[in-house]
Amino acid sequence: MLQYDDTGAAFFAITLLTFYLIPATYVVVTRLRDYVSPNPAVGPDFNARTETEKEKARTIAKKLAQERVNNSFFVLLVVSTVMLWMLTFYLLSIVSEGGEIKQFDPFAILGVTASASEAEIKKAYRKMSLQYHPDKNPGNKQAENMFMMVAKAYGALTDPEARENWEKYGNPDGKQSLELSVGLPQWLIEKDNHNLILVLYLVALVVIIPLIVGCWYSQSKKYGEKGVMYQTYHRFMRSLNPNVTAKMLPEVLALAEEFREVNSPNMSRAEEMNALFQRFQKEMPRIRTKDELTQLQLAIVQKGMLLLAAHLNDAEVGPMLQQDLRKMLSATPELANALVEICASRRWWNATCAAIDFQQCLTQGIWPPATSALKAPFLQLPNFTMAEVSHVFSGKGQKAKSFADYLALPDDAKKGLARMTDTAREECLEVAGALPRVKLSCRAFVQDEAEIAEGDLVTLRIKIVRENIAPSLWDDEESDDEGPLDFYESDDEDDAAGDADSDDDDAVLVAKPKDGDEAKAELTG
């Protein structure tokens with residue numbers, strides 16, 4: 001019958017602890033290292049094009065490092081890791097004492113050298129047998145075991161047969177059978193512990209595991225496939241309509257259930273909220289859903305709209321409200337996509353365009369209703385303020401009618417840069433040159449027909465041209481002779497095939513090498 005082995009249990013426990021301690025220790029060490037010496041996740045020299053962006057990357061890295069350390073989860077992680085390391089060292093001490101396979105060495109037991117004479121062996125035997133004799137050590141189990149080991153060692157050195165067995169098999173009793181044991185502690189099979197083990201098993205199986213599964217399910221059932229809560233979808237659908245504009249969407253976004261906790265009234269933020277309210281009191285639109293909300297919901301929506309207004313107008317907020325705003329902005333990409341998805345699914349063209357424009361405003365941190373749809377895009381450029389934007393549309397020289405026209409101007413013809421330093425001007429021109437300059441053209445036609453009649457199968461051909469793409473991005477890696485790829489219109493035979501298969505909503509792209517710096521794409525569907 002297999003026996004439970006405490007030493008084997010220690011080996012097994014150390015193995016399990018290693019699977020946790022190695023990654024946990026790595027996390028603790030890396031977080032502490034980043035806290036002491038923050039390293040931007042986005043290297044300042046990799047994506048950042050301006051000194052402001054580089055400084056922002058360093059600031060974000062520092063804040064993230066502090067947030068990853070200054071929280072209860074990290075404290076619990078550190079405490080548990082230290083305690084488990086202490087337990088591991090304790091188990092290692094147990095293993096080192098009882099886990100080593102000990103060889104039977106009669107010379108070491110009797111305390112003599114391997115070259116000792118028979119007289120020296122007898123003398124050592126008499127001395128130790130008297131020292132550990134059971135009559136002189138009544139009730140001492142260790143002395144009794146030692147007395148037996150001394151007698152066995154003396155026999156192994158004086159009895160020829162016993163010595164032959166020891167030299168051949170390592171044991172004076174001859175060849176021994178292999179013993180196996182279970183790597184679990186012996187207290188598991190002790191009768192006094194059976195009831196406790198049964199109770200712990202039932203608690204784990206009946207209480208803890210169902211509780212964990214229930215908590216996970218109750219939380220996950222609140223969310224849809226794209227990480228947006230069902231309650232948020234319901235509120236968005238009730239608030240959106242075909243005539244919604246971008247100016248109305250901050251209120252709709254503030255209704256999201258994801259913001260309930262972060263925007264709940266908090267007295268510690270009252271002073272900062274009052275200052276923010278005084279700043280945007282006149283610019284805040286009327287809340288259309290005011291009559292449908294409770295007082296708590298109304299307060300949550302108002303705070304959300306104020307924080308969004310501060311973000312879109314690049315206004316300063318207090319440190320505590322800044323934390324709330326960061327939490328809101330971390331959830332806005334999914335929520336903004338939900339707004340576009342709902343409007344597009346209902347085929348509301350104007351509302352869909354407004355949702356897309358609002359999504360761009362959230363990303364860029366600009367607000368066209370506060371300025372104008374024409375001037376707002378210029379604020380994307382570094383070191384550009386409304387003063388520089390006003391200069392673009394005033395004075396003499398070549399004027400741009402739109403932001404796209406401004407990007408297409410030569411660098412020496414771009415207005416609004418005269419009052420900037422050389423570094424600020426270079427940063428602005430670098431970003432302006434990196435922004436995509438795209439030309440879009442489309443044509444609807446019926447194959448082999450001069451006019452479009454009712455019931456005809458119409459082909460919509462769209463051509464997208466990006467003018468400032470780097471040629472190296474389109475080079476063929478296997479051939480140095482071919483230039484950038486150009487997507488071109490297919491011939492009549494291909495068009496006919498495309499019309500025949502037009503029931504499928506697939507887009508067809510045809511490519512060929514092209515000389516020049518332009519890249520063109522044509523979609524036929």
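For this chain, numbers begin at 1 and follow the sequence in order. None of these values were measured; they are calculated from a predicted model.
Under the side chain to side chain contact (heavy atoms under 4.5 Å, CB included) rule, F358 has a single partner from V244, V252, L312, which is L312.
Without hydrogens or angle criteria, S220 side chain to Y217 main chain gives a donor-acceptor distance under 3.5 Å. R443 contributes no side-chain N or O that, together with a main-chain N or O of R461, makes up a donor-acceptor pair within less than 3.5 Å. Using a distance-only test at 3.5 Å, with no hydrogens or angles considered, a donor-acceptor pair links the side chain of N71 to the main chain of F73.
Using cut-offs of 30° and 60° for the angle between ring planes, the F403 and Y406 rings count as parallel.
Between the side chains of E426 and T423, no donor-acceptor pair of N or O atoms lies under 3.5 Å. Judged purely by distance below 3.5 Å, without hydrogens or angles, the side chains of E251 and S239 never pair a donor atom with an acceptor atom.
The two atoms that bring K414 and A432 nearest to each other are CE-CB, 4.3 Å, heavy atoms only. Smallest separation of non-hydrogen atoms from A204 and P210: O-CD, 4.4 Å. Heavy atoms only, all atoms of each residue included: Y223 and M229 are closest at CE2-CG, 3.3 Å. Considering every non-hydrogen atom in both L325 and L307, the closest pair reads CD1-O, 3.5 Å.
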So Q360 and D357, side chain to side chain contact (heavy atoms under 4.5 Å, CB included) or not? Walk me through it.
-> CA-CA 5 Å; Q360 294 174 344; D357 291 340; 3.9 Å; yes

Run the numbers on R31 and D34 for salt bridge (charged side-chain N to carboxylate O under 4.0 Å, His left out), then give the verdict.
-> CA-CA 5 Å; R31 290 193 179 187; D34 293 340; over 6 Å; no

Under the side chain to side chain contact (heavy atoms under 4.5 Å, CB included) rule, what do H391 and L417 come out as? Steps first, then yes or no, please.
-> CA-CA 9 Å; H391 182 61; L417 309 177; over 6 Å; no

Where do Q297 and R235 land on the side chain to side chain contact (heavy atoms under 4.5 Å, CB included) test, with the steps shown first?
-> CA-CA 12 Å; Q297 292 174 337; R235 292 179 182 176; 3.8 Å; yes

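At a threshold of 4.5 Å between non-hydrogen side-chain atoms, the residues R269 and K303 count as touching. Looking only at side-chain heavy atoms (C-beta outward), T232 and F236 come within less than 4.5 Å of each other. In this structure the side chain of N263 never reaches within 4.5 angstrom of the side chain of Q302, judged on heavy atoms. Counting only heavy atoms from C-beta outward, the side chains of T363 and T332 never approach each other to under 4.5 Å. Counting only heavy atoms from C-beta outward, the side chains of W85 and T25 approach each other to under 4.5 Å. Using a 4.5 Å heavy-atom cutoff, the side chains of R346 and P242 are not in contact. The shortest side-chain heavy-atom distance between L91 and L17 falls under the 4.5 Å cut-off. Proximity of I342 to M237: side-chain heavy atoms (C-beta onward) are separated by under 4.5 Å at one or more points.
Using a 4.0 Å cut-off between charged nitrogen and carboxylate oxygen, E341 and K226 count as a salt-bridge pair.
The aromatic ring centroids of F393 and F378 lie less than 6.0 Å from each other.
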